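Computed over heavy atoms, backbone and side chain alike; hydrogens, waters and symmetry mates excluded. Sequence lines set the chain letters: A, B, ... in the order given, protein chains first and strands last, and positions in each chain run from 1. Not measured: the values here are computed from a predicted model.
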Amino acid sequence: MALDEKIHELRREKLKQIEALGQKSYPTQYDFTHTIPSILAGNSSKSGEELEANRISVRVAGRIMAIRLMGKAGFAHIQQDGQRLQIYVKKDAVGEKGFELYKLLDLGDHIGVSGYLFRTRTGELSIHVEEITFLSKDLLPLPIGKSVESDDGQEGGKKWNELSDVELRYRQRYVDLIVNPEVREVFLKRSKLVQSLRRSLDARGFVEVETPMMQPIAGGAVARPFVTHHNTLDIDLYLRIAPELYLKRLVVGGFDRVYEINRNFRNEGIGWRWNPEFTMLEFYQAYTNFQGVMDLTQELITQAARDVTGGTKTKWTGKDGENEVVHELDWANWQRMTMREAIIHFWPEAAGAKPEMSDFASTDSVKNLVQRFNKGHAHVAYDPKEPAGKTIAALFEAAAEAHLMQPTVIYEFPTAISPLSKQKPDEPDWTERWEIYAGSMEIANGFSELNDPEDQRQRFEAQLKERERGDDEAHQMDEDYIRALSYGMPPAGGVGVGVDRLAMLLTDSHTIRDVILFPVLRPEEKKEEK
RNA sequence: GGGCGCGUAGCUCAAUUGGCAGAGCAACUGACUCUUAAUCAGUAGGUUGUAGGUUCGACUCCUACCGCGCUCACCA
């Protein structure tokens, strides 16, 4: 029998003994007067004498995270909301049965205690327990271990293990959350981030809505969708890759300021920045353009950085080859440059002279740039038949993206890769579109929304040609969307913000799996029945 | 999907050229009525990811598979 099975058996046996003491094994509720955080917040500054003079009675519940038995007395630490408080259990105080119960408790059990606050001889705020109530048993051993190592020979250099098996951490996030307090912190920060975005948008009169997750045409982005099937209607539906086209239908319908924070699903690879389902904020504002929503997005993110971290500067640990490099991201200081400027600015020396603006103008000159770039560098894959704009975007990603550490707005994107954006009035090959980069990641995308139905139809048709060329991610035709635009959509700016990636940046998390509670993993292999 | 790397006790990690699979903590038994992730004495814990192969002998070498990580491609 494996160890954890043995422990499971042993603890079930203990549970029976606990019942025999008159405790319920799985009681339905516990009335408490305090929480551990409230006790710590309210009494941390009080001295032992003060606590003795004005005795404070408390009833509080928590999970046992450390327990020490010493004959006829003992200590334990109980945890609630990620915070710990010590309890002191003395046989004289809790009685025969109470102490029998204490002796049957294990690491990980939930208990409720009532008693009064005091300070131990060493000064730690603790509860002098008068009554213990059993609340729930932990039948499986928590992976709490310790190892004593002489860290750098430092005196008393104790280094406590943490649960570091990433597979177990992601598969059994509940265990990760119990054992690793900093994991809890990351998700609390993520919650604050989402709250902050909502508050900022609500304060500006935006209305939060929910649009379909299951769509007959997966539109609004360039990506491969997941397919599912509805039995009664007997139709295939796609999990949405973006809410964009539905939100703009709502702008047509008169919601001038509208937003949604919800999941998108894209059937693509998994990596440090990619999870098949991810959370996106999208918002649309009528009567403004890409400039207006660019300013607003910067404000939203600056405020979010404040709300999550208390300031506008955050640490980001990057890698330079083998070495770790700590960057300080400044969310109140935004750089802006056009895509073409960025390519020129970050043009690698090995690729010779920097491009001129005119080099982006024709298919031949763009091809020439790629050839020059590829000479000294990682290969930029491109199809000679693809539109020049698409090649320029690939060039930008290869030349510039990795260098975009500080929050930076890159604007003016090729029309060929922006089927839903308005063109620049003076340069129809370019659109009024921007993306925000930070920590070498794209985190937001916004533009002046294309609202001319005829132009939109032509853009979709151009995408269909890409599709025929073999690009199965190119946008599909959406007749109803064109019909909606035909009723007249006011001029508007729209934005999508990658919430997971923003959470990564604000918590110095280097994989998206550390900011998603249950990231997609391959299912566990089923153990053979014996 | 391609390439590279990893998988040893519940957790964190050792194991010399291929030569008896170990430690700390957790667990169990006992002692201890102010401990600090207590201390002391003792006990138990393993098909070394799985299945094959090479060998007198495999944690170690080879092959396949499973899982995870990094990376490239596709993408946000």
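- Judged as a salt bridge (charged side-chain N to carboxylate O under 4.0 Å, His left out), and not counting sequence neighbours, the contacts of A:Arg336 are A:Asp295.
- Residue A:Phe99 contributes atom CZ, which lies 10 Å from atom C1' of B:C32 at whole-angstrom precision.
- Rounded to an integer number of Å, the gap from NZ of A:Lys90 to P of B:C32 is 17 Å.
- A:Glu435 comes within 4.0 angstrom of no nucleic acid atom, judged by non-hydrogen atoms across all strands.
- Residue A:Phe278 has its side chain nearest to B:A76 when only B:A76, B:A27, B:C32 are considered.
- The distance between atom NE2 of A:His77 and atom P of B:C34, rounded to the nearest whole Å, is 16 Å.
- Among the nucleotides B:A27, B:C34, B:A76, the one closest to any side-chain atom of A:Phe118 is B:C34.
- Checking B:C74, B:C34, B:U33 against the side-chain heavy atoms of A:Arg224 singles out B:C74 as nearest.
- Nucleotides B:A9 and B:G30 place their P atoms 29 Å apart, quoted to the nearest Å.
- Pairing partner, B:G5: B:C68, with both Watson-Crick or wobble hydrogen-bond distances short of 3.5 Å.
- With both ends at atom C1', the span from B:U55 to B:U12 equals 33 Å, rounded to whole Å.
- One interatomic measurement links the two molecules: CG of A:Asn267 to P of B:A76, which rounds to 14 Å at whole-angstrom precision.
- Computed from coordinates, the A:Ile241 CD1 to B:A76 P distance equals 9 Å when rounded to whole Å.
- Closest to the side chain of A:Glu268, from the set B:C74, B:C34, B:U33, is B:C74.
- In summary, of the residues considered (A:Phe373, A:Tyr411, A:Tyr437, A:Phe346), a ring pair (Phe, Tyr, Trp, His ring centres under 6.0 Å) with A:Phe396 occurs for A:Tyr437 alone.
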- Message: Please determine whether salt bridge (charged side-chain N to carboxylate O under 4.0 Å, His left out) holds for the pair A:Glu468 and A:Lys465, giving the CA-CA distance in whole Å, both sets of side-chain angles, and the decisive distance to 0.1 Å.
- Response: CA-CA 5 Å; A:Glu468 281 163 22; A:Lys465 274 188 194 151; over 6 Å; no

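- Rounded to whole Å, the P atom of B:U16 lies 15 Å from the corresponding atom of B:G49.
- Nearest-nucleotide assignment on RNA chain B puts the 5′-proximal partner with A:Leu107, out of A:Ile67 and A:Leu107.
- Nearest nucleotide to the side chain of A:Glu442, out of B:A76, B:A37, B:C28: B:A76.
- Taking a pair to require two hydrogen-bonding distances under 3.5 Å in either a Watson-Crick or a G-U wobble arrangement, B:G45 remains unpaired.
- The partner of B:A58 is absent, by the rule that a Watson-Crick or G-U pair needs both atom distances under 3.5 Å.
- Pairing for B:G22 is with B:C13, a Watson-Crick or G-U wobble pair whose two hydrogen-bonding atom distances lie under 3.5 Å.
- The CG atom of A:Leu69 sits 13 Å away from the C1' atom of B:U29 (whole-angstrom rounding).
- Checking A:Ser509 against A:Arg190 by side-chain atom types alone, no donor-acceptor pair falls below 3.5 Å.
- If you check the side chains of A:Glu260 and A:Thr211, you find a donor sitting under 3.5 Å from an acceptor.
- A:Asp92 comes within contact range of at least one nucleobase, with a heavy-atom separation under 4.0 Å.
- When distances run from any side-chain atom of A:Lys6 to the nucleotides B:C34, B:A44, B:C28, the shortest one goes to B:A44.
- Using atom C1' as the reference point in both B:U17 and B:A58, the two lie 14 Å apart (nearest Å).
- Straight-line distance between the C1' atoms of B:U48 and B:C13: roughly 14 Å, to the nearest whole Å.
- At a cut-off of 3.5 angstrom, the base of B:U35 holds no donor-acceptor pair with the side chain of A:Glu124.
- Of the listed residues (A:Gln80, A:His110, A:Gln79, A:His77), just one forms a side chain to side chain donor-acceptor pair (under 3.5 Å) with A:Arg63, and that residue is A:His110.
- Using a 5.5 Å limit on the distance between ring centres and a 30° limit on the angle between planes, the aromatic ring of A:Trp274 does not count as stacked on the six-membered base ring of B:A76.
- If you take CD of A:Glu397 and P of B:C75, they are 8 Å apart, rounded to a whole angstrom.
- Atom pair A:Leu502:CG and B:A76:P shows a separation of 18 Å (rounding to whole Å applied).
- Among the nucleotides B:A76, B:C68, B:U35, the one closest to any side-chain atom of A:Arg266 is B:A76.
- Pair assignment for B:C40: B:G30, on the basis of Watson-Crick or G-U wobble contacts that are both within less than 3.5 Å.
- Put simply, A:Arg68 has no side-chain N or O that comes within less than 4.0 Å of OP1 or OP2 on B:U35.
- When heavy atoms are screened at a 4.0 angstrom cut-off, A:Asn275 is found touching base atoms of the nucleic acid.
- Rounded to a whole angstrom, the distance from the C1' atom of B:C4 to that of B:C40 is 49 Å.
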- Starting from the C-alpha separation in whole Å, work towards a yes-or-no answer on salt bridge (charged side-chain N to carboxylate O under 4.0 Å, His left out) for A:Asp109 and A:Arg11. CA-CA 10 Å; A:Asp109 288 357; A:Arg11 293 192 178 182; 5.1 Å; no

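- Judged purely by distance below 3.5 Å, without hydrogens or angles, the side chains of A:Tyr88 and A:Gln86 never pair a donor atom with an acceptor atom.
- Comparing B:U33, B:A76, B:C74 by their nearest atom to the side chain of A:Ile512 picks out B:A76.
- Taking atom P in both B:A15 and B:G19, one finds a spacing of 12 Å when rounded to whole Å.
- Taking the side chain of A:Pro143 as heavy atoms from C-beta on, and the options B:C11, B:A76, B:U33, the nearest nucleotide is B:C11.
- The side chain of A:Leu10 lies closest to B:C28 when the candidates are B:C34, B:C28, B:C68.
- Comparing B:G52 with B:U47, their C1' atoms are spaced 15 Å from each other, to the whole Å.
- The side chain of A:Arg171 contributes no N or O atom lying less than 4.0 Å from OP1 or OP2 of B:G67.
- Contact annotation: A:Lys14 side-chain N/O to B:C28 OP1/OP2 distance is under 4.0 Å.
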